[in-house]
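Worksheet: one structure, shown below.
Labels below follow one simple rule: chain letters A, B, ... track the order of the sequence lines, proteins then strands, and each chain is numbered from 1.
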Amino acid sequence: MIGAGAGGGAASWRLAQAGLDVVCLERGEWTDAASYPAATPGWESRRVRDFHPNPNIRRRDTDYPIDDSTSLIKPLMFCGVGGSTIMWTAHNPRFHPSDFRVKTLDGVADDWPLSYEELAPYYELNDRMIGVAGIHGDPAMPERDPRPLPPLPLGVGATRLAEAYDRLGHHWWPADSAVLTRDYDGRLACNNCGPCELGCTRGSKASSDITYWPKAIADGAHLVTRAAVREITLDERGRASGAVWIDDDGREHHQPAKIVVLAANGVGTPRLMLLSNSKRFPDGLANDSGLVGRNLMLHPIALATGVFDDNVDSFHGPDGLTIFSQEFYETDPERDFVRGYGVQVTRGQGPLITALGGFALDVPWGRNHHDRFEQLFGHVVTCAILIEDLPHEHNRVQLSDTVSDRFDLPAPQMVYELDDNSRRMAAHGIESSSEALREAGAREVLTMDMLPMAGFHLMGTARMGDDPTRSVVDGSGRAHDVGNLFVADGSLFTTSAGVNPTPTIQALALRVADQIISARRDIAVPTDV
Amino acid sequence: MSEAGATRGLGQAILEVLLQTLLPGNGTWPSASELGLAHAVRERVGMAEGHEEALLRVLGALPEGFDASSQAEREETLHPLAGSDDFGALLLVAYDAYYVQPGVLLLLEERCGYVTRPPQPDGFELAPFDESVLARARGREPFWREA
């Protein structure tokens, strides 16, 4: 297993539980919850320094740089046990059934090689494993098992917006949250502190270092940290035979393996595949299709922030989690775009981030700074319009010619531009959200067409599919070109849907693990491991 | 960078003038000068790679006589620099220093209702979810697409 994040944690647990010998190589390290910023004075300033979600700004020695000079949207991720779940806001939505059939229903992109119904049991399993708060009855989604925990409270601002959505006849529902509202599975309930993205000191937020990894290790999985993998090796028959990794002192090691699973996220996994070129695969591992790294999808985000005359207490409560609306989620031929978007209603931020402009805020420096700050701080509700990003081969991860990591390995380079469909969706989302915010009582709405720091959702770069010429892996996550190589992260996504990807990543990873478990005796593996 | 600017350092008075231009106060909120903010900024520039250099470049780009001009004139002088990464770094360290000053924290509590202690370990009350808010949303017929 390469990578101990959302997918790597889930798959490692499932494989270890079934009795397989699992070794996970993780380039980062364990994070100590006591070191998270929220319990220290000046906690907010770490959000813009060593807890910035962008590795190019954070610059820890466990991070690798990403050449983002050719990407409109900047990369956000975390390297370490738990991966980016250390910094996620724990929004836990599912794909819709239609998201798996976009070609059939809407004539765009490709259908997934599996259905919602096939993935649903793994969503349920993941919900139980990580502890999900939410409530049944959402009319935008099929019936499902009850969530293990009741929802988080909405707070003042989200309640106003919910009432406005009701008056407009728009869908809304409490967010599914991977945050505990009661003690669960030995973990403490959330105490409503707010900045989930800075790591959860109480363990109430489901990062995979505290959900899957303790169980995986108890079941025998072996986790090696500060192990930077530079190549997946092949045997003479073209089968994956293990991984070469580099320790802190620059020494190289080879970890042999009968089966290799890549779970290094939608940037790290294609980077590693492209680094692993060989005589058999001169253009990168398992890349006969030429699609390794291609079809990068990121979920562009547009913003509409409502400013209210009174204080709506927007700085209290888990900041990414209140309600969402999927009124414009599905394709409607009357609109000028295909597919759709979801709207997530978020809270405001602390004083530093507010002063710096937060979510589409216009806080000037100079004589007007103080008055404007006071108008906005605690007075805002933001609609984050999360756009389904269609796959395009020109949007990609490739190896940078100019940037390298501390081991002199080429950094990944993101090449990404927005398509017109996304721009039209953003404009529609801003208009519809502005209407809702004004209906809720906002006297002013501030907007942003595209948030640059939005690249948390890294998808599509080793995509699933039945056709080996149009995909890198099959419906079980197994590489078309290397029979004992699997992928278990966001790289798998055939399309992006209009929701946060983490529960789908984890459900897919659990399913990939089950596919390996059931097929392992038929998978041709190196004989000398 | 001007010749004079090349020799400007963070210890010089022009940093105080620059910060005062960004955060001039308004009678309620204190100004950078009233808080002696330059000292806190000097402490912070070393906390992230590149910030000190960025600040020095901004200082170096200021014209002769900047410190003798009016607030309005200084703001006008700074506007052409405002979109740069260097200016962004300056704002970051300036606001970071400002919004943790005891006098400013007091105002955040008194005027904005903001609790300035760290969010943990005490957190805030987690109220139970009020299901009654869903009355209307629950009444809608399912509208997801069969696939």
### Task
Could you check if a side-chain atom of B:Pro128 sits within less than 4.5 angstrom of a side-chain atom of A:Pro150, using non-hydrogen atoms only?
no
### Task
Name the member of B:Leu23, B:Val100, B:Val93 that forms the most heavy-atom pairs with chain A at distances under 4.5 Å.
B:Leu23
What closest approach, in Å, do [X] and [Y] show between heavy atoms, and which atom pair accounts for it?
X	Y	value
A:Gly366	B:Pro24	O-CD, 3.3 Å
B:Leu126	A:Pro153	CD1-CD, 3.6 Å
A:Phe315	B:Cys112	CZ-O, 3.3 Å
B:Gly123	A:Cys193	CA-CB, 4.1 Å
B:Ala147	A:Pro97	CB-O, 3.4 Å

### Query
By a 4.5 Å heavy-atom criterion (distance strictly below it), what part of A:Pro364 contacts chain B: side chain, backbone, both, or neither?
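For A:Pro364, the backbone is the part near chain B, not the side chain.
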### Task
Side chain from CB out, backbone as N, CA, C, O: work out which of these in A:Ala38 comes under 4.5 Å of a heavy atom of chain B, or both, or neither.
both
Donor and acceptor N/O pairs, chain B versus chain A, under 3.5 angstrom:
from     : atom 1 : to       : atom 2 : distance (Å)
B:Leu22  : O      : A:Gly366 : N      : 2.7
B:Gly25  : N      : A:His370 : NE2    : 2.9
B:Asn26  : ND2    : A:Asp371 : OD1    : 2.9
B:Trp29  : NE1    : A:Glu374 : OE1    : 2.5
B:Glu49  : OE1    : A:Arg59  : NH1    : 3.3
B:Glu49  : OE2    : A:Arg59  : NH1    : 2.7
B:Glu75  : OE1    : A:Arg367 : NE     : 3.4
B:Glu75  : OE1    : A:Arg367 : NH2    : 3.1
B:Glu75  : OE2    : A:Arg367 : N      : 2.8
B:Glu75  : OE2    : A:Arg367 : NE     : 3.0
B:Tyr95  : OH     : A:His369 : ND1    : 3.4
B:Asp96  : OD2    : A:Arg49  : NH1    : 2.5
B:Asp96  : OD2    : A:Arg49  : NH2    : 3.2
B:Tyr99  : OH     : A:His369 : NE2    : 2.8
B:Arg111 : NE     : A:Glu374 : OE1    : 3.2
B:Arg111 : NE     : A:Glu374 : OE2    : 2.6
B:Arg111 : NH2    : A:Glu374 : OE2    : 2.7
B:Cys112 : O      : A:Asn311 : ND2    : 2.8
B:Gln120 : N      : A:Ala38  : O      : 3.0
B:Gln120 : OE1    : A:Asn191 : ND2    : 3.0
B:Gln120 : NE2    : A:Asn191 : OD1    : 2.9
B:Pro121 : O      : A:Asn191 : ND2    : 3.2
B:Phe124 : N      : A:Asn191 : O      : 2.7
B:Glu125 : O      : A:Asn192 : ND2    : 2.9
B:Arg136 : NE     : A:Asp166 : O      : 3.3
B:Arg136 : NH2    : A:Asp166 : O      : 3.1
B:Arg138 : NH1    : A:His136 : O      : 2.9
B:Arg140 : NH1    : A:Glu327 : OE1    : 2.6
B:Arg140 : NH2    : A:Glu327 : OE1    : 3.4
B:Arg140 : NH2    : A:Glu327 : OE2    : 3.4
B:Phe143 : N      : A:Pro139 : O      : 2.8
B:Trp144 : NE1    : A:Met141 : O      : 3.3
B:Arg145 : NH1    : A:Asp106 : OD1    : 3.4
B:Arg145 : NH1    : A:Asp106 : OD2    : 3.1
B:Arg145 : NH2    : A:Asp106 : OD1    : 2.8

Quick one: what part of [X] sits under 4.5 Å from any heavy atom of chain A, side chain, backbone, both or neither?
X	answer
B:Ala72	both
B:Leu91	both
B:Leu107	neither

### Query
Sequence neighbours excluded, which residues qualify as side chain to side chain contact (heavy atoms under 4.5 Å, CB included) partners of A:Pro151?
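Scan of A:Pro151 (side chain to side chain contact (heavy atoms under 4.5 Å, CB included), adjacent residues dropped) gives A:Ile135, A:Pro174, B:Phe129.
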### Query
Looking at A:Leu105, A:Leu154, A:Ile57, which makes the most heavy-atom pairs under 4.5 Å with chain B?
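Between A:Leu105, A:Leu154, A:Ile57, the count favours A:Leu105.
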